[in-house]
Amino acid sequence: HAALPIAPADPAPLLEVSSLSKSFRLRDGRKLLQAVDRVDLTIGRGETLGLVGESGSGKTTVGRCLLRLIEPDAGQVMFEGVDLARASPADLRRMRKRVQIVFQDPLDALDPRWTIESIVAEALDKPDPGRVAQLLGLVGLDPAVAKLKPRALSAGAQQRVSIARAIAAEPALIVLDEPTSALTPLARVEIVRLLRDLQERLGTSYLFISHDLSTVEHLSHRVAVMYLGQVVETGTREQIFRSPRHPYARALLAAHLAPDPSRRRVDKVEQVKLAGEIPSPIDLPQGCYLAGRCAEALPACRSTPQPLRMLRDGRLIRCTPGSPSKTMPLHEEDEMTDLTRRLLLTSAAAAAGLDLLRLPSALAQDGTLNIALPNNPSTLDPIQTSNHDAMAISNAIFENLLEVDLDGNVVPSLAHRLPVINDDATRFTFDLRDDVVFQNGAKFTAEDVKYSYEYMLDPKNRSIRRTLFAPIK
């Protein structure tokens, strides 16, 4: 059985981007094209953030601004305590080893005159054929290819060389700019598996830029959706792909052909479509950039710029709170269900090292899992926090057992019904569904839930998911 997917969380994000903006002056010298507009992003340690949106939305420009391959006009890019947007050339050179990039076209990214050994060794402090062979083996290549030149390799093998060169410097963050778009379907699958395996082994964080929503869903812990240079929604993988809130995000996902027979596009009750043309990035509207195409737009949407707001489920969305897309003010606590409040209290109980999850009696008397968090953030309430920490923590604990619906209510998922909660909200008893099976036909049981948590907590697995928790002393 595979462990349930658990998104890492870290109270101090590895990368925190605030109000990043970039424009390009046209050839006439008078007009500006706004490519990136006040983008806010965070990436935790060992986390993958997927960045999606249609062509021209500014995804690649964001990635290149992070590395200062393109100079941003404004904003802050905090990486390991250093503002890369304002770093001196000397500081930037030192930080470049910690932030690497893998480009879209591997053939263009590799020097055709150099051997593979020279390409990979360039990132090392000194030539080391043994280390080059080790890196090539780590990305699934025969060390014998070291003497070849890029043109002798397939596109998939060339991209593996690009990844080997990126990890040679032992970076904390890799920007993956459409790394699978130029590959065959088989090579694409192999590269995605390689990226996941490397993240498990090395704990590297990824900014994964892609048009391929299926790959983003498979690889990412969280997802940010861009439209005309702005991030319009950010949330967990499940939030974005199962219940997107922003009208543009809903339309983008509605147009996506998922490789899942249970999620056929033609079976969707709500057929979300956008009317009209995309505004020109040279002459953007005064208010919401989507207002002219959105059937739910209010008068305020057309006249007032929309800031990012946090919903009660922890996601960020750039939409008017009163619109039919069910966005809400940050502190609208009165409408929260009692169970939602208790789930938030449970996260706090976990931070204190209290019993959190009680599995059914089929596991015998020792069926209680004790879970603790390694850090004690200032708040675990997603309504009060300004980052994704509380959201990631609560999702990691209850992911797949419970989920949040479009109205912000907690509903069962793999659990048959909502849990029985004790008085101080430190113990939850779940009744699991009996109609869930794995792909191989094995029935889903409480043992599988127990295995998933034990897998995360076992140091032998070297799983980055284990960083979310700490043993109780």
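Treat the numbers as computed from the prediction; the structure is a model and nothing was measured. Computed from heavy atoms alone, side chains included, the values below leave out hydrogens, waters and symmetry copies.
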Where I240 and G235 come nearest, the two heavy atoms and their spacing: CD1-N, 3.8 Å
Over all atoms of both residues, closest heavy-atom pair of A109 and R165: O-NH2, 3.1 Å
I want to check something: taking the side chain as every heavy atom from C-beta on, are [X] and [Y] in contact at a cut-off of under 4.5 Å?
X    : Y    : result
V232 : L290 : no
S205 : T48  : no
V231 : L41  : yes
F241 : L213 : yes
P307 : R309 : yes
D111 : E122 : no
I119 : P150 : yes
L110 : S162 : yes

Rounded to the nearest 0.5 Å, what's the gap from [atom1] on [X] to [atom2] on [Y]? Could you check?
X    : Y    : atom1 : atom2 : result
Q159 : S154 : CD    : OG    : 10.5 Å
S210 : E217 : OG    : CD    : 12.5 Å
L173 : L67  : CG    : CG    : 7.5 Å
H221 : Y206 : NE2   : OH    : 10.5 Å
T234 : L316 : OG1   : CG    : 5.5 Å
T61  : D37  : OG1   : CG    : 12.5 Å

Check against side-chain contact (heavy atoms from CB on, under 4.5 Å), L84 and L66: CA-CA 7 Å; L84 298 184; L66 299 185; 5.8 Å; no
Test salt bridge (charged side-chain N to carboxylate O under 4.0 Å, His left out) applied to R96 - qualifying residues, sequence neighbours left out: none
With sequence neighbours excluded, residues passing salt bridge (charged side-chain N to carboxylate O under 4.0 Å, His left out) with E277: none
Derivation and outcome, side-chain contact (heavy atoms from CB on, under 4.5 Å), residues T204 and L198: CA-CA 8 Å; T204 310; L198 289 175; over 6 Å; no
What residues form a side chain to side chain donor-acceptor pair (under 3.5 Å) with [X], not counting sequence neighbours?
X    : answer
Q286 : none
D40  : none
S303 : none
Q158 : none

Inter- and intrachain pairs under side-chain hydrogen bond (donor to acceptor under 3.5 Å, both in side chains), touching residues 72-85, at least two apart: S23-D73, E80-R98, D83-R86
For [Y], is there any backbone N or O sitting under 3.5 Å from a side-chain donor or acceptor partner on [X]?
X    : Y    : result
Y289 : G229 : no
K59  : M226 : no
R64  : I70  : no
R45  : L14  : no
R38  : Q230 : no
R196 : L219 : no
R433 : A415 : no

With R193 via side-chain contact (heavy atoms from CB on, under 4.5 Å) - residues at least two apart: V189
Set of side-chain contact (heavy atoms from CB on, under 4.5 Å) partners for A300, sequence neighbours left out: none
H211 versus S55, side-chain donor and acceptor atoms under 3.5 Å: yes
Residues R315 and S243: side-chain donor-acceptor under 3.5 angstrom: yes
Sole candidate of V39, L20, V17 that passes side-chain contact (heavy atoms from CB on, under 4.5 Å) when paired with C65: L20
Pairs involving residues 23-35, ordered by first then second residue, that meet salt bridge (charged side-chain N to carboxylate O under 4.0 Å, His left out) (sequence neighbours left out): none
Salt bridge (charged side-chain N to carboxylate O under 4.0 Å, His left out) pairs, two or more places apart, involving residues 167-177: R131-E170
Salt bridge E233-R245, side-chain N to carboxylate O under 4.0 Å: no
Derivation and outcome, side-chain contact (heavy atoms from CB on, under 4.5 Å), residues I278 and E54: CA-CA 11 Å; I278 301 175; E54 57 196 294; 3.1 Å; yes
All ring pair (Phe, Tyr, Trp, His ring centres under 6.0 Å) counterparts of Y248, not counting sequence neighbours: Y227
